[in-house]
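The structure appears right after this line, and notes come after that.
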Amino acid sequence: HGHAELNSSGAQIPEPSAFSASGHRRDGDCARTRGGAPMAEAARKQRSPAAPRPVRCIVKLGGAAITNKGKLESIDEESLRSACAQLRQAMSESDGTAPEKVRGMDWSRRPGDPADPVVDAEGFAGMAGLGLDSNFVVVHGAGSFGHFQASRSGVHKGGLHSTLVKAGFVATRISVTSLNQEIVRALAREGIPSVGMSPFACGWSTQRRDLASANASQIIESLHAGFVPVLHGDAVLDESLDCTILSGDVIIRHLAQLLTPKYVVFLTDVHGVYDRPPTDPNAVLLKEIEVDDNGGWSIVKPALQGNRKEVEISVAAHDTTGGMETKILEAAAIARLGVDVYITKVDTEHSLRALKGDVNTSSDDWLGTVIRAAK
């Protein structure tokens with residue numbers, strides 16, 4: 001395991017990027033592709049959908065929270081089920097006294113299922129609505145899906161002229177899209193009208209790993225139609241490197257800029273950001289981090305003793321997207337937009353409160369890290 005150190009007062013946060021509401025670069029250069037002018041013309045003709053109601057929350061399901069990271073392509077079923085159930089609770093428009101029966105939307109059959117799927121068509125037909133505020137966006141990490149394939153083949157470094165990289169690109173996308181389908185299925189079982197969306201298939205691409213083209217029109221239209229878009233970290237084409245990995249954390253930062261949600265939630269396998277790896281018995285949970293206008297960040301709570309101003313972060317050797325260091329930098333970039341970010345542990349009372357937006361930093365009964373803009 002390697003680690004990265006971030007200076008708590010000096011870490012610089014990426015500048016907000018220059019994208020318009022449709023997800024195109026404002027300089028008209030969104031369609032900078034190998035195809036040139038015809039692609040640019042097609043992009044200009046594309047209609048830009050009207051923005052829906054303000055998005056309430058963008059949720060990041062961390063790869064370590066919903067998969068068993070040490071075991072290839074293994075889902076943590078209990079954590080995923082809990083995250084989906086809590087999302088439904090957070091979306092519920094009732095006061096919680098008489099929760100409606102969950103009506104499953106997964107009408108497909110999986111290998112090993114003993115019978116054909118039960119479809120409550122009459123029940124759905126008789127419903128006036130789902131009783132859910134579905135104005136959420138879900139983005140998930142890859143965890144034990146995709147990272148292995150990407151790191152073995154070097155997809156994140158680019159170079160599609162290499163047969164190994166090309167094969168790895170294919171293998172990585174098979175892996176991450178299969179996880180995406182399972183997460184959409186788990187949400188659907190909770191009666192959440194979710195739709196999977198792959199950045200590669202939506203035409204997202206990078207320039208030296210920085211987001212260059214990110215057409216969000218399909219995401220916005222889906223929200224407008226009452227669906228919950230579910231995106232994921234993905235292998236994408238890169239204009240300089242041929243290809244690379246676009247992390248879920250970068251996707252979230254861009255969507256937060258575009259959709260200005262009320263708050264953003266990162267669900268992880270630990271209670272939040274610590275001043276050193278949480279496996280260290282002396283690790284301290286950082287409850288509140290503030291980000292200033294210049295992108296510098298400082299720890300507000302707790303007041304750390306002496307010179308302990310540095311935050312040490314472990315990054316797993318096979319993690320091709322930067323691990324917790326990337327998370328903090330992207331979360332801080334979101335906070336600069338004026339959007340509070342809550343980082344907490346999946347499958348806890350704290351994660352439910354975060355998803356509901358019910359977090360009070362002056363109280364000590366919530367375990368997690370809040371990253372927000374300095375007042």
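The structure presented is a predicted model; accordingly, all values stated were derived computationally and were not measured.
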(message) Do Tyr342 and Tyr263 have side chains that approach each other closer than 4.5 Å (heavy atoms only, starting at C-beta)?
(response) yes
(request) State, to 0.1 Å, how close Val176 and Ala142 come at their nearest heavy-atom pair, and which atoms those are. (result) CG1-CB, 4.0 Å
(request) Return the minimal non-hydrogen interatomic distance between Ala373 and Ala335, and the atom names on each side. (result) CB-O, 3.3 Å
(request) Answer whether the closest heavy-atom distance between the side chains of Gln218 and Val195 falls below 4.5 Å. (result) no
(request) Only counting residues at least two apart or in another chain, list the ones meeting ring-ring contact (aromatic ring centres under 6.0 Å, His included) with Phe145. (result) none
(message) In the structure I gave you, are the side-chain heavy atoms of Val55 and Leu223 within less than 4.5 Å of one another anywhere?
(response) yes
(request) Report yes or no: do Ser144 and Asn68 form a side-chain donor-acceptor pair below 3.5 Å? (result) no
(message) Nearest 0.5 angstrom please: Cys57 SG to Asn135 CG, how far?
(response) 10.5 Å
(request) May I ask you to check whether Glu290 and Ser298 show a side-chain donor-acceptor distance below 3.5 Å? (result) no
(message) Under a 3.5 Å cutoff, is there a donor and acceptor pairing between the side chains of Ser108 and Arg185?
(response) yes
(message) Just so I know, are the side chains of Leu237 and Phe169 near enough to count as touching, which here means a heavy-atom distance under 4.5 Å?
(response) yes
(request) Report yes if the side chains of Asn215 and Cys202 come closer than 4.5 Å at any heavy-atom pair, otherwise no. (result) no
(message) If you compare all heavy atoms of Arg173 against all heavy atoms of Thr177, which two are closest, and at what distance to 0.1 Å?
(response) O-OG1, 2.5 Å
(request) Could you tell me which non-hydrogen atom of Ile219 sits nearest to which non-hydrogen atom of Met197, and how far apart they are? (result) CG1-SD, 3.6 Å
(request) Decide yes or no for Leu211 and Trp204: does some side-chain heavy atom of the first lie under 4.5 Å from some side-chain heavy atom of the second? (result) yes
(message) Checking side-chain polar atoms at under 3.5 Å, does Glu73 have a donor or acceptor matched by the opposite partner on Ser175?
(response) yes
(request) State the CG-OG distance between Asp347 and Ser351, to the nearest 0.5 angstrom. (result) 6.5 Å
(request) Find out if a path of hydrophobic residues (ILVMFWY) with successive side-chain heavy-atom gaps under 4.5 Å connects Val300 to Ile371. (result) no
(message) Let's go through Ser82 and Gln86 carefully: what are the C-alpha distance in whole Å and the side-chain angles of both, what is the deciding distance for side-chain contact (heavy atoms from CB on, under 4.5 Å) to 0.1 Å, and is it a yes or a no?
(response) CA-CA 6 Å; Ser82 168; Gln86 289 191 347; 4.1 Å; yes
(message) Can you confirm whether or not the ring centre of Phe136 sits under 6.0 Å from the ring centre of Phe227?
(response) no
(request) Check the pair Asp275 / Leu286 against side-chain contact (heavy atoms from CB on, under 4.5 Å), numbers first and verdict last. (result) CA-CA 7 Å; Asp275 67 335; Leu286 308 178; 4.1 Å; yes
(message) Membership question, hydrophobic clusters at under 4.5 Å side-chain separation (ILVMFWY): are Leu130 and Val119 in the same one?
(response) yes
(message) Closer than 4.0 angstrom, basic N to acidic O: yes or no for Asp269 and Lys345?
(response) no
(request) Report the distance from atom CD1 of Ile58 to atom CD1 of Ile334, rounding to the nearest 0.5 Å. (result) 7.0 Å
(message) Is it the case that atom CZ in Arg152 sees more than 12 heavy atoms from other parts of the structure closer than 6.0 Å?
(response) no
(request) Please tell me if the side chains of Leu367 and Thr348 come closer than 4.5 Å, counting only heavy atoms from C-beta onward. (result) no
(message) Do the side chains of Arg353 and Asp365 get close enough for a salt bridge, i.e. N-O under 4.0 angstrom?
(response) yes
(request) To the nearest 0.5 angstrom, please state how far the CG atom of Leu352 sits from the CG atom of Asp358. (result) 8.5 Å
(message) Applying a strict under-4.5 Å side-chain criterion to I, L, V, M, F, W and Y, I'd like to know whether Val170 and Ile245 cluster together.
(response) no
(message) Between Asp133 and Arg56, does any side-chain N to carboxylate O distance fall below 4.0 Å?
(response) yes
(message) Rounded to the nearest 0.5 Å, what separates atom CZ in Phe124 from atom CE in Met105?
(response) 4.5 Å
(request) Please report the C-alpha distance between Lys287 and His271 in whole Å, then the side-chain angles of each, then the deciding distance to 0.1 Å, and finally whether the side-chain contact (heavy atoms from CB on, under 4.5 Å) criterion is met. (result) CA-CA 10 Å; Lys287 301 288 290 278; His271 278 296; over 6 Å; no
(message) In this structure, would Leu164 and Ile174 fall into the same cluster of hydrophobic residues linked by side-chain contacts under 4.5 Å?
(response) no
(message) If you define the side chain from C-beta out and look only at heavy atoms, does anything of Val359 sit under 4.5 Å from Val370?
(response) yes
(request) Flag yes if more than 12 heavy atoms outside Glu78 fall under 6.0 Å of its CD atom; otherwise flag no. (result) no
(request) Specify the closest pair of heavy atoms between Ala83 and Leu61, including all atoms of both residues, with the distance to one decimal. (result) CB-CD2, 3.9 Å
(message) Tell me the closest heavy-atom pair linking Cys243 and Val165, and the distance in Å.
(response) SG-CG1, 3.7 Å
(request) Would you please say whether a donor-acceptor pair under 3.5 Å links the side chains of Asn360 and Ser363? (result) no
(message) I'd like to know whether Lys60 forms a side-chain contact (heavy atoms from CB on, under 4.5 Å) with Val264, so could you lay out the CA-CA distance, the side-chain angles of the two residues, the decisive distance to 0.1 Å, and finally the verdict.
(response) CA-CA 8 Å; Lys60 168 70 188 296; Val264 169; 5.9 Å; no
(request) Would you mind checking if Glu190 and Arg103 are paired as a salt bridge, meaning a charged N to carboxylate O distance below 4.0 Å? (result) no
(message) Distance alone, cut at 3.5 Å: any donor-acceptor contact between the side chains of Ser198 and His232?
(response) yes
(message) Tell me whether the count of non-hydrogen atoms from other residues, nucleotides or ligands lying under 6.0 Å of NZ in Lys157 goes above 12.
(response) no
(request) Could you tell me the separation between the CG atom of Leu72 and the OG1 atom of Thr67, rounded to the nearest 0.5 Å? (result) 10.0 Å
(request) Considering only NZ, NE, NH1 and NH2 on the basic side and carboxylate oxygens on the acidic side, decide whether Arg109 and Asp116 come within less than 4.0 Å. (result) yes
